[in-house]
Protein chains: 2
Amino acid sequence: MFADIPTLRWRKSANSCLLNDVSHIVGVRAAQKEQSRRALLDAGLRLLEHQNLSGLGVREVTRAAGLSPAGFYRHFRDLDELGVVLVTESLQSLHLMIRKILAEQGDAEELIDGAIAVIARHVREHRAHIRFLTRERHGGVRRVREAIAAELATFTAETAAALGTQPQSAGWSAEDLRMLAGLYVEHLVATAAAFLEAPDAPPAAARAAERRIAALARDQLRLISLGRRHWPTAPRT
Amino acid sequence: MFADIPTLRWRKSANSCLLNDVSHIVGVRAAQKEQSRRALLDAGLRLLEHQNLSGLGVREVTRAAGLSPAGFYRHFRDLDELGVVLVTESLQSLHLMIRKILAEQGDAEELIDGAIAVIARHVREHRAHIRFLTRERHGGVRRVREAIAAELATFTAETAAALGTQPQSAGWSAEDLRMLAGLYVEHLVATAAAFLEAPDAPPAAARAAERRIAALARDQLRLISLGRRHWPTAPRT
DNA sequence: GATGTCGGCGAACACTTGTTAGCTCAAGCT
DNA sequence: AGCTTGAGCTAACAAGTGTTCGCCGACATC
């Protein structure tokens with residue numbers, strides 16, 4: 001019956017290597033599958049609040065997601081693959097945050113305060129994402145580490161481009177802009193990580209800690225801005 | 001025979017809760033025990049190059065160290081305890097490095113170049129330590145995380161104190177000094193982590209990557225120094 | 001309405017895991 | 001010389017692991 005179209009079947013199975021090429025399925029079926037997939041991803045992210053990706057287990061995730069262990073393999077080849085998806089999702093939300101910061105307008109002080117407020121809010125609303133990224137940035141899974149590093153590099157490039165459009169960047173070389181952008185991105189990540197650790201305390205103390213972190217980050221950004229203002233640019237035109 | 005000194009025996013066993021109070025044992029016996037202990041610690045550190053602390057196993061460590069699984073418990077209550085010891089050892093080596101940097105003398109440029117050289121060398125010679133620290137700084141084990149954070153805080157304080165003795169810090173408040181020191185320490189850690197990722201490449205490319213990282217870090221430190229020079233201090237005397 | 005597709009399930013496989021009990025025997029003490 | 005100590009071993013335990021198989025039954029397609 002199928003003897004005459006084996007190549008077609010092979011192509012299909014090759015397609016399903018992506019394991020979630022849902023485009024050719026329509027309606028209820030696809031929605032149900034997506035729901036299970038989301039349940040797995042959400043359960044994974046939740047478990048990763050107190051664990052490491054390399055210590056996560058298939059059974060653990062499926063248990064938390066309300067699936068049977070075997071069900072996992074209908075969606076992901078292994079846990080690393082789920083990890084990579086979580087990385088892309090977390091980075092996407094971080095990317096939006098960075099764009100929001102870069103899009104703001106105003107003088108230096110306003111920009112700094114705005115950026116810190118955006119970071120604080122993002123950490124509050126996407127705690128799990130930020131936790132996951134800081135935890136796995138130097139974690140044990142190579143593919144995940146590389147994915148995060150690559151994306152942070154593009155964030156740096158994007159930031160450098162945005163800095164380049166500002167009037168105070170006149171005369172700056174592309175290389176120096178990247179250098180400065182790297183400093184900003186690194187500081188952003190560190191600040192986000194600091195905000196993350198704050199609320200391991202009673203709410204009142206947590207608020208105070210958050211304010212302290214914000215004040216510290218603000219001064220540090222001010223100092224960097226100062227250095228930027230006095231950076232010796234290439235021979236003026 | 002011992003019925004009249006039970007408290008003494010209890011005190012001894014309470015003492016051995018520290019599990020490595022070797023002081024009351026002398027000679028060969030203690031040396032042998034210490035050798036096994038070191039084997040366990042070294043094996044653990046080696047395994048942690050490609051793994052996370054939360055994913056490490058007792059059997060795995062003892063296998064790598066050449067002991068039986070049960071032997072592990074003669075030295076550590078559980079893996080977290082081994083982790084804490086590794087943390088203190090790694091931080092100790094890092095502490096020496098920081099002291100070395102702070103002890104150097106010269107003008108700003110020399111200090112920056114010297115610091116980067118010291119970092120690069122330290123990463124080359126204590127790769128496992130640095131890898132472990134960056135990996136577990138935001139890792140899944142709370143106690144380890146807190147130990148690292150606490151020690152980094154003292155490094156910051158120490159750096160602030162050292163900065164305070166420099167003439168260019170005249171008029172700086174203690175708070176601002178800590179702020180600046182925090183920036184330096186954070187940058188130091190980030191630079192060390194960057195050096196760490198470099199040699200995942202053929203030696204020639206690795207050398208080039210290392211030089212690129214060093215140049216980048218140097219410029220960033222220069223910019224921070226510039227900001228420091230122009231930081232508005234409290235009303236001059 | 002028949003037929004094929006495929007997400008989810010239970011069961012089973014062959015491991016690995018942490019931890020304990022009880023033993024041996026070299027080292028140290030009296 | 002005897003006696004105690006304790007590091008390290010083997011063996012065993014129960015519990016957990018990743019992964020595959022074959023099946024069911026709701027969905028989709030013709």
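A, B, ... follow the sequence lines: proteins, then strands. Residue 1 opens every chain. Everything numeric here is computed off the predicted structure, so don't read it as measured data.
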**OP:** Measure from OH on A:Y73 to C1' on C:dC6 and round the result to the nearest Å.
**Re:** 18 Å

Original post:
Do A:Q51 and A:E60 have side-chain atoms, one donor and one acceptor, less than 3.5 Å apart?
Top reply: yes

Subject >> Separation of C:dG18 C1' from B:R74 CZ (nearest whole Å) >> reply: 16 Å

Original post:
Whole Å only: how far is the CG atom of A:L67 from the P atom of C:dG10?
Top reply: 11 Å

**OP:** To the nearest Å, give me how far apart CZ (B:F72) and P (C:dT19) are.
**Re:** 8 Å

**OP:** Look at the side chain of B:R29 against the base of D:dG6 and say whether a donor-acceptor pair falls under 3.5 Å; ignore hydrogens and angles.
**Re:** yes

Subject >> Qualifying ring-ring contact (aromatic ring centres under 6.0 Å, His included) pairs, either residue in residues 78-98 of chain A, two or more places apart >> reply: A:H95-A:F155

**OP:** Mind calculating the distance between CD (A:E34) and P (C:dG8) to the nearest angstrom?
**Re:** 11 Å

Original post:
Is a side-chain N or O of B:R145 found less than 3.5 angstrom from the main chain of B:R137, in a donor-acceptor match?
Top reply: no

Original post:
Please give, in whole Å, the distance from C:dT20 C1' to B:D78 CG?
Top reply: 15 Å

**OP:** Name every residue in residues 56-66 of chain B that has at least one heavy atom under 4.0 Å from any atom of DNA chain D, in order of residue number, or write none if there are no such residues.
**Re:** B:R59, B:G66

Original post:
With distance as the sole test, does B:D80 use its side chain to make a donor-acceptor pair with the main-chain N or O of B:G83 at under 3.5 Å?
Top reply: no

Subject >> A:Q35 CD - C:dC6 P separation (whole Å) >> reply: 20 Å

**OP:** Round to a whole Å and report the spacing from NZ of A:K33 to P of D:dA28.
**Re:** 14 Å

**OP:** Return yes if a side-chain donor-acceptor contact under 3.5 Å exists between B:S93 and B:H126, otherwise no.
**Re:** no

**OP:** Determine: side-chain N/O of A:Q32 to OP1/OP2 of D:dC27, distance under 4.0 Å, yes or no.
**Re:** yes

**OP:** Could you tell me whether a side-chain N or O of A:R135 sits under 3.5 Å from a main-chain N or O of A:E49, the two making a donor and an acceptor?
**Re:** yes

